[in-house]
Amino acid sequence: ELKVEQNPLFLSMQEGKNYTIYCNYSTTSDRLYWYRQDPGKSLESLFVLLSNGAVKQEGRLMASLDTKARLSTLHITAAVHDLSATYFCAVDEVASGAGSYQLTFGKGTKLSVIP
Amino acid sequence: KAGVTQTPRYLIKTRGQQVTLSCSPISGHRSVSWYQQTPGQGLQFLFEYFSETQRNKGNFPGRFSGRQFSNSRSEMNVSTLELGDSALYLCASSQGRLYEQYFGPGTRLTVT
């Protein structure tokens, strides 16, 4: 059974600081996704990482994937209050080459950025 | 481009009843996935449909079922509702496995 572990689960940080959220998973998947969820809202796609060594950046967020270590990171640079939300990573556990997919989500990291 | 729509947005049902939720994907997206989100279990995969075929099913009892129509719209049905079925049910559409999924606003189901 695929396990996806995020840490920390709760993160309180001051504006202007940097921090990293970690996502470890137990399978050899090379497809990992990051999502953001605001309270009471649905999920917003942030990044799709499709190969070992993939790195993507959008604004103050940067995501990377190391399939050998089964680890993805979401790095936050110079946090601002607007980044306060819950961040989820999700791993596709279906074997490569198959057309279908099935995502297993981590528990989420609730980020609070304090002014 | 219109986003993923889900109806209804809120629903209150009684134990033992059944419920049908609807999802309309983004135009051109043939893959539709359903997820259940609860505070205790988090986000859990229910099933994925592509061109009217269920390709994957998560670890849920047979009371949970779904289907997809030729226009890619999808429905999920839960029969014999239990209190534990209270959750936010999210639908997501995609062009396929290598593309990002776009989530709808969700249907919040409360079972009393």
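Every chain is numbered from 1, with letters handed out A, B, ... down the list of sequences.
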Novice: Take atom CZ of B:R15 as the centre, draw a 6.0 Å sphere, and report whether it contains more than 12 heavy atoms from other residues, nucleotides or ligands.
Specialist: no
Novice: Do B:V32 and A:Y33 sit in the same hydrophobic cluster, where Ile, Leu, Val, Met, Phe, Trp and Tyr count as joined when their side-chain heavy atoms come under 4.5 Å apart?
Specialist: no
Novice: Verify side-chain contact (heavy atoms from CB on, under 4.5 Å) between A:Y35 and B:L43, making sure each step is shown before the conclusion.
Specialist: CA-CA 12 Å; A:Y35 294 91; B:L43 277 155; over 6 Å; no
Novice: Tell me the residues of residues 74-86 of chain A whose non-hydrogen atoms fall below 4.5 Å from those of chain B, in number order.
Specialist: none
Novice: With the 4.5 Å side-chain cut-off for hydrophobic clustering, are A:Y87 and A:V4 part of the same group?
Specialist: yes
Novice: Would A:L2 end up clustered with A:L65 when hydrophobic side chains under 4.5 Å apart are linked, directly or stepwise?
Specialist: yes
Novice: By number, which residues in residues 70-88 of chain B have some heavy atom less than 4.5 Å away from chain A?
Specialist: B:L88
Novice: If you draw a 6.0 Å radius around CZ in B:F69, do more than 12 non-hydrogen atoms from other residues or ligands fall strictly inside?
Specialist: yes
Novice: At a 4.5 Å cut-off on heavy atoms, which part of B:Q41 comes close to chain A: side chain, backbone, both, or neither?
Specialist: backbone
Novice: Kindly check if the number of other-residue, nucleotide or ligand heavy atoms within 6.0 Å of CD (A:E5) is above 12?
Specialist: no
Novice: Only heavy atoms, only distances under 4.5 angstrom. Which residues in residues 99-111 of chain B are near chain A?
Specialist: B:Y99, B:E100, B:Q101, B:F103, B:G104, B:P105
Novice: At a heavy-atom separation under 4.5 Å, does B:L90 approach chain A through its side chain, its backbone, both, or neither?
Specialist: side chain
Novice: Are A:W34 and A:M62 linked, directly or through other ILVMFWY residues, by side chains that come within less than 4.5 angstrom of each other?
Specialist: no
Novice: Please check if atom NZ in B:K57 has more than 12 non-hydrogen atoms from other residues, nucleotides or ligands closer than 6.0 Å.
Specialist: yes
Novice: How about OH on A:Y22, more than 12 heavy atoms from neighbouring residues, nucleotides or ligands closer than 6.0 Å, or not?
Specialist: no
Novice: Who in residues 40-56 of chain A is close to chain B, using a strict under-4.5 Å heavy-atom cut-off?
Specialist: A:S42, A:L43, A:S45, A:V48, A:L50
Novice: Is it possible for you to say whether B:F50 and B:V4 belong to one hydrophobic cluster, with membership spreading through side-chain heavy-atom contacts below 4.5 Å?
Specialist: no
Novice: Measuring heavy-atom distances to chain B, does A:E1 have an atom under 4.5 Å in its side chain, in its backbone, in both, or in neither?
Specialist: neither
Novice: Tell me whether the count of non-hydrogen atoms from other residues, nucleotides or ligands lying under 6.0 Å of CG in A:L9 goes above 12.
Specialist: yes
